[in-house]
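All chains are named by letter (A, B, ...) in the order of the sequence lines, taking the proteins before the strands, and each is independently numbered beginning at 1.
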Number of protein chains: 2
Amino acid sequence: MNSLPAQPNQSLIDGVRLLQRLAITQEPLAVTLLARELGLEITRTNRLVKTLAHLGLAYRTQSRKYAAGPAMHVLAAQSLFGSGLIQRALPHLEKLSSQGHIVALGVLWEDQISYLYHWSPGLPTYAGLGRVAVCPAERSGMGIILLAQNSDEALASILRRHRSANNSSYRKLMINIRRARKTGYGEFMAGNSRSLALALGTPPYAALALSGRIRSSKVAQKVAILSQTKAAIEEVMNK
Amino acid sequence: MNSLPAQPNQSLIDGVRLLQRLAITQEPLAVTLLARELGLEITRTNRLVKTLAHLGLAYRTQSRKYAAGPAMHVLAAQSLFGSGLIQRALPHLEKLSSQGHIVALGVLWEDQISYLYHWSPGLPTYAGLGRVAVCPAERSGMGIILLAQNSDEALASILRRHRSANNSSYRKLMINIRRARKTGYGEFMAGNSRSLALALGTPPYAALALSGRIRSSKVAQKVAILSQTKAAIEEVMNK
DNA sequence: ATTCATATTGCTAAAATAGCAATATTGAGC
DNA sequence: GCTCAATATTGCTATTTTAGCAATATGAAT
């Protein structure tokens, strides 16, 4: 993202990754699992997680597993403001409600999509916040368009590190990614539900999606609507 | 918050503090200022901030100042879910709208209150999110009730580290804190606007407030209403 | 252009961490 | 309850990383 400093601090880098991993699921995780998932040594992981626990950012259960701690509320408040994306995007996302589809705003982390907003018809607008955990990027329109920004090598390196090594799903993903690069939008089908997504920002920092039973004949129209919202959000973000 | 690990990682601790400091204001900050504010050495600060910049969590302006970076959106999405507080509190906060006052949900960090939610009459519910930056804890009902949880020594240590060393304001704060400990709610007057706040959770992890032109005769009634909301939020948080 | 303030890096002493091996703790199965 | 196996945690010291000085670079202001 930026030039490496003279002395990049590996403890900070991996500590933040652990923090992020703890944040995205509710279930408490064992140190061994955390270490394996992030490719870290166990003792080191244990100490970093305990440091996070000391800060209140992690919480140790009786069975010595770790989950998000109470200071996560503090970090949420701070990063919510620091990001400013939800605050500025919400008025525009709300306007998409009338489409009758799921509306989502998400970000890519490693090989996962996290949702800033995930709204289904019938819910009040405010209920879309922090409602949904994560989705594997390869099974998400947003994931596909965000992954598509990477070079094939960078992509391979991301995917190699995660269980996504499965060959058949990898090939499917690459097909979707190549199409996304050509069309400019991410598309993923799950059963007869279609997810359409556009990236926000250059370089992209988030993505925007509509999901539901969208017929092929309506795709261009829905993408055009997403484009308007994309432009509107990018405009307020560039101020 | 938790027992110190065998090898607490100071880089992670201070790196996270820097991250938090960058998140809570929009203006880019010079390294010197960051270092002074957090009581850190300049070279170290420079390297930690550059590591954050490498992760995308900080952004370096042309004039070599640092602000929140694009990965802050990612952290916001993750911590929003990891915290779960906004998601679960919003339906209850919305019910407070009919009171005709400002409704807020905030957290304490060092000597500052950050807002998860800060809603004013006339706004849509969703607009209360991430709208307001920070407020010095000593000038906030929420700040007072949250600071009141600390022992006098812990309190002195928090305040000593910050510019709040001002004697007259310190004395006023202590009066407010002692009253809060007795009454169980935080109260702060700014002009003729009154702010009333209750802490959430044991130990408290956040606070809830109503602010506006609240007459003395109405205080007990408003505190009772806040208590109901507090109980409702605590209940959903304990599941 | 020159000056000043601040950011950044090179360098090495000093301090913190890594990671092994040992120990402690917990949960599962008797 | 007891034993065993799996996992977490810590003590220890070699190794690595960081701290912080001094030097340099980079901008901004004049």
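- Annotation: of the two residues near DNA chain C, Gln10(B) and Ser63(B), the 5′-most nearest-nucleotide partner is Ser63(B).
- Atom CG of Leu12(B) is separated from atom C1' of dA16(C) by 14 Å (rounded to the nearest Å).
- Using a 4.0 Å cut-off between charged nitrogen and carboxylate oxygen, Arg17(A) and Glu110(A) count as a salt-bridge pair.
- Under 4.0 angstrom from either OP1 or OP2 of dT6(C) there lies no side-chain N or O belonging to Tyr66(B).
- With hydrogens and angles disregarded, no donor-acceptor distance shorter than 3.5 Å links the side chain of Ser157(B) to the backbone of Glu153(B).
- Within 4.0 Å (heavy atoms only), Arg44(A) reaches sugar-phosphate atoms of the nucleic acid but no base atom.
- The interatomic distance linking Ile13(B) (CD1) with dA19(D) (P) rounds to 12 Å, in whole Å.
- The separation between Leu48(A) atom CG and dA16(C) atom C1' is 12 Å, rounded to whole Å.
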Exercise. Give the intermediate values and the outcome of side chain to side chain donor-acceptor pair (under 3.5 Å) for residues His73(B) and Ser83(A).
Key: CA-CA 5 Å; His73(B) 305 314; Ser83(A) 149; 2.7 Å; yes
Exercise. Test side chain to side chain contact (heavy atoms under 4.5 Å, CB included) on Met174(B) and Asp152(B) and set out the steps.
Key: CA-CA 9 Å; Met174(B) 288 313 295; Asp152(B) 279 7; 3.8 Å; yes
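- Contact annotation: Asn9(B) side-chain N/O to dT17(C) OP1/OP2 distance is under 4.0 Å.
- The residue among Thr43(A) and Arg36(A) whose nearest nucleotide of DNA chain D is located toward the 5' end is Arg36(A).
- In terms of position along DNA chain C, the nucleotide closest to Ile42(B) lies nearer the 5' end than the nucleotide closest to the other residue of the pair Ile42(B) and Glu41(A).
- The nearest whole Å value for the distance from the NZ atom in Lys50(A) to the C1' atom in dT25(C) is 11 Å.
- Contact check, Asn46(A) against dT9(D): a side-chain N or O comes under 4.0 Å of OP1 or OP2.
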Practice problem: Check the pair Ser11(A), Asn9(B) against side chain to side chain donor-acceptor pair (under 3.5 Å), reporting the backbone distance first and the verdict last. | Solution: CA-CA 7 Å; Ser11(A) 300; Asn9(B) 192 300; 2.9 Å; yes
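- Arg47(A) has no side-chain polar atom (N or O) that falls below the 4.0 Å cut-off from OP1 or OP2 of dT10(D).
- When each of Arg64(B) and Ser11(B) is assigned the nucleotide of DNA chain D with its nearest heavy atom, Ser11(B) is the one assigned upstream, toward the 5' end.
- Applying the 4.0 Å criterion to OP1 and OP2 of dT9(D), one finds that Arg60(A) has a side-chain N or O inside that range.
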